[in-house]
Participant: 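This is the structure, below, for whatever I ask next.
Side-chain atoms are counted along with the backbone in the values below, which use heavy atoms only and exclude waters and symmetry mates.
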Amino acid sequence: MSTTDEPTDTLGGLPLGLRAELRRLADVPKLLVALDFDGTLAPEVDDPDQARALPAARKAVLALMDLPGTRVALVSGRAIDSLVAVAELPDRALFAGSHGVEIRLDTPDDALALDDEEREQRETLQRILQDVAEGYDNVWIERKPAGFALHTRLASEEDSRIAHLEALAHTKDEFGALTVREGKNVLEFSLRSATKGEAVEHLRRYTKADAVFYAGDDVTDEDAFGALGPGDLGVKSGAGVTAADFRVEGPSEIARVLGMLAEYRSNKEAVDS
């Protein structure tokens with residue numbers, strides 16, 4: 001049952017029950033910490049290439065990565081190359097990009113390979129979305145490994161709405177099966193289907209985690225929250241309907257949560273040693 005509407009701790013601005021859950025995770029032998037990037041570790045910015053995790057969030061993530069029995073993974077709608085570039089994390093970080101279509105584990109041999117038919121379909125998809133984007137100010141497309149994203153966050157509300165409807169209509173006419181995800185002022189079209197929930201399950205199996213901590217802010221992160229089970233913990237960054245266990249205001253609070261988790265697991269490790 002979600003506890004996202006619990007009163008907050010006046011000392012830290014966090015939900016009252018969250019600290020107890022973080023302390024519980026300190027005792028988990030193998031913990032997977034899976035995190036969205038934009039809007040979770042990093043504030044949203046107009047230029048995606050300029051996004052960076054808050055210093056406190058980065059410090060906490062690095063501290064978690066240094067702890068025994070703890071693996072850290074970033075799970076994002078970004079293509080992996082973009083995610084790796086903005087995250088600036090050591091090689092031992094794990095990555096799931098393009099909502100899980102791309103996975104990079106400890107050996108970076110998980111390249112996405114499209115077949116000839118898929119490459120032709122991607123060219124057609126690019127043409128359709130480029131035509132839509134050129135019809136509106138401040139609308140552009142971003143290339144993804146298995147498709148494209150139509151960005152409208154700098155456009156007017158009306159232009160954004162119409163551009164989305166137009167893109168959906170044209171792609172539906174052209175393609176029989178196409179995965180479409182709606183995020184914050186973005187529509188993502190992919191020739192291959194995957195979700196952040198599937199990515200989390202893949203990472204759980206790979207790391208043999210006893211529990212998963214997941215934090216995210218977007219509609220697409222709900223697939224990951226939905227994949228969590230008993231013993232796991234989900235934290236939503238920002239507003240919106242969510243299946244997460246707890247909600248915090250934004251990236252600054254996520255950084256605080258991650259710092260607390262790192263502190264509790266570090267203290268547990270010190271006691272056990």
Participant: Nearest 0.5 angstrom please: Ile80 CD1 to Ile103 CD1, how far?
Facilitator: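 Rounded to the nearest 0.5 Å, the CD1-CD1 separation comes to 6.5 Å.
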Participant: So does Asp221 pair up with Lys196, basic N to acidic O under 4.0 Å?
Facilitator: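 A salt bridge is present here (some side-chain N lies under 4.0 Å from a carboxylate O).
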Participant: Which class fits the ring pair Phe225 and Tyr214: parallel under 30°, tilted 30 to 60°, perpendicular over 60°?
Facilitator: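 Geometry flag for Tyr214 against Phe225: perpendicular rings.
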Participant: Salt bridge check, Arg52 against Glu88: does any charged N sit closer than 4.0 Å to a carboxylate O?
Facilitator: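 Looking at Arg52 together with Glu88, the answer is yes, because their closest N to O distance falls below 4.0 Å.
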Participant: Can you tell me if Arg78 uses its side chain to pair, donor with acceptor, with the backbone of Pro48 under 3.5 Å?
Facilitator: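 Judged by distance alone, yes, a pair lies under 3.5 Å.
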Participant: If you count the non-hydrogen atoms of other residues, nucleotides and ligands that lie under 6.0 Å from CD in Gln130, is the total more than 12?
Facilitator: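 More than 12 within 6.0 Å, yes.
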Participant: Which atom pair, heavy atoms only, marks the closest approach of Asp217 to Gly39?
Facilitator: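 Here Asp217 and Gly39 meet closest at CB-O, 3.5 Å.
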Participant: Are Lys144 and Ser98 close enough that a side-chain donor and a side-chain acceptor fall under 3.5 Å?
Facilitator: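 No, because no side-chain N or O of Lys144 sits under 3.5 Å from a partner of the opposite role on Ser98.
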Participant: Out of Leu261, Thr70, Leu64, Leu67, which one pairs with Ser266 under the side chain to side chain contact (heavy atoms under 4.5 Å, CB included) rule?
Facilitator: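 Only one of Leu261, Thr70, Leu64, Leu67 forms a side chain to side chain contact (heavy atoms under 4.5 Å, CB included) with Ser266, namely Leu67.
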Participant: Any sub-3.5 Å donor-acceptor pair from Arg265's side-chain atoms to Leu25's backbone N or O?
Facilitator: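 Checked: pair present.
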Participant: Show the numbers, then the answer: is there a side chain to side chain contact (heavy atoms under 4.5 Å, CB included) between Arg92 and Asp66?
Facilitator: CA-CA 10 Å; Arg92 60 186 180 278; Asp66 284 339; 2.6 Å; yes
Participant: Given 3.5 Å as the limit, does a donor-acceptor pair link the side chain of Thr171 with the main chain of Ala167, or not?
Facilitator: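 Looks like yes, one N/O pair under 3.5 Å.
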Participant: Can you tell which of Arg23, Arg24, Arg19 makes a side-chain hydrogen bond (donor to acceptor under 3.5 Å, both in side chains) with Glu21?
Facilitator: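 One option only clears the test, and that one is Arg24.
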Participant: Test your reading of the model: is there a side-chain donor-acceptor pair from Glu102 to the backbone of Ala96, 3.5 Å cut-off?
Facilitator: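 Between the backbone of Ala96 and the side chain of Glu102 there is no qualifying donor-acceptor contact (under 3.5 Å).
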Participant: Indicate yes or no for a side-chain donor-acceptor contact from Thr124 to the backbone of Glu120 under 3.5 Å, with no hydrogens or angles considered.
Facilitator: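 Yes; judged by distance alone, with no hydrogens or angles, the pair exists.
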Participant: For Ala155, is there any backbone N or O sitting under 3.5 Å from a side-chain donor or acceptor partner on Thr152?
Facilitator: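 The answer is no, because no donor-acceptor pair under 3.5 Å joins these two groups.
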Participant: So, Arg71 and Asp106, do they make that salt bridge, N to O below 4.0 Å?
Facilitator: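 A salt bridge links Arg71 with Asp106.
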Participant: So, Asp36 and Lys236, do they make that salt bridge, N to O below 4.0 Å?
Facilitator: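 Judged by the 4.0 Å cut-off on N to carboxylate O distance, Asp36 and Lys236 do not form a salt bridge.
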Participant: Using the side chain to side chain contact (heavy atoms under 4.5 Å, CB included) rule, pick out the option among Leu18, Val212, Leu228, Val257 that qualifies with Leu233.
Facilitator: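 Testing Leu233 for a side chain to side chain contact (heavy atoms under 4.5 Å, CB included) against Leu18, Val212, Leu228, Val257 leaves exactly one candidate, Leu18.
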Participant: In terms of side-chain geometry, is the basic nitrogen of Arg192 or Glu118 positioned less than 4.0 Å from the acidic oxygen of its partner?
Facilitator: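 Salt bridge: yes.
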Participant: Can you name the closest pair of heavy atoms from His170 and Val132 and give their distance?
Facilitator: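 Heavy atoms only, the tightest pair is CD2-CG2, 4.1 Å.
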Participant: Between Ser190 and Thr179, is there a side-chain donor-acceptor contact under 3.5 Å, judged purely by atom types and distance?
Facilitator: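 Judged by distance alone, the side chains do not pair up.
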Participant: Please report the shortest heavy-atom distance between Glu166 and Tyr136, naming the atom on each side.
Facilitator: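 Residues Glu166 and Tyr136, closest heavy atoms: OE1-OH, 2.7 Å.
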Participant: Does this structure show an ion pair linking Asp232 with Arg204, if we count only N-O contacts that are shorter than 4.0 Å?
Facilitator: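 Between Arg204 and Asp232 there is a salt bridge, with a charged N closer than 4.0 Å to a carboxylate O.
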Participant: Taking all atoms of both residues into account, what is the closest heavy-atom pair of Leu150 and His164, and its distance?
Facilitator: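 Between these two residues, the closest heavy atoms are CD2-CD2, 4.4 Å.
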Participant: Out of curiosity, does Val186 fall in the hydrophobic cluster containing Leu154 (side-chain heavy atoms, cut-off under 4.5 Å, transitive links)?
Facilitator: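 Unlinked, Leu154 and Val186 end up in two clusters.
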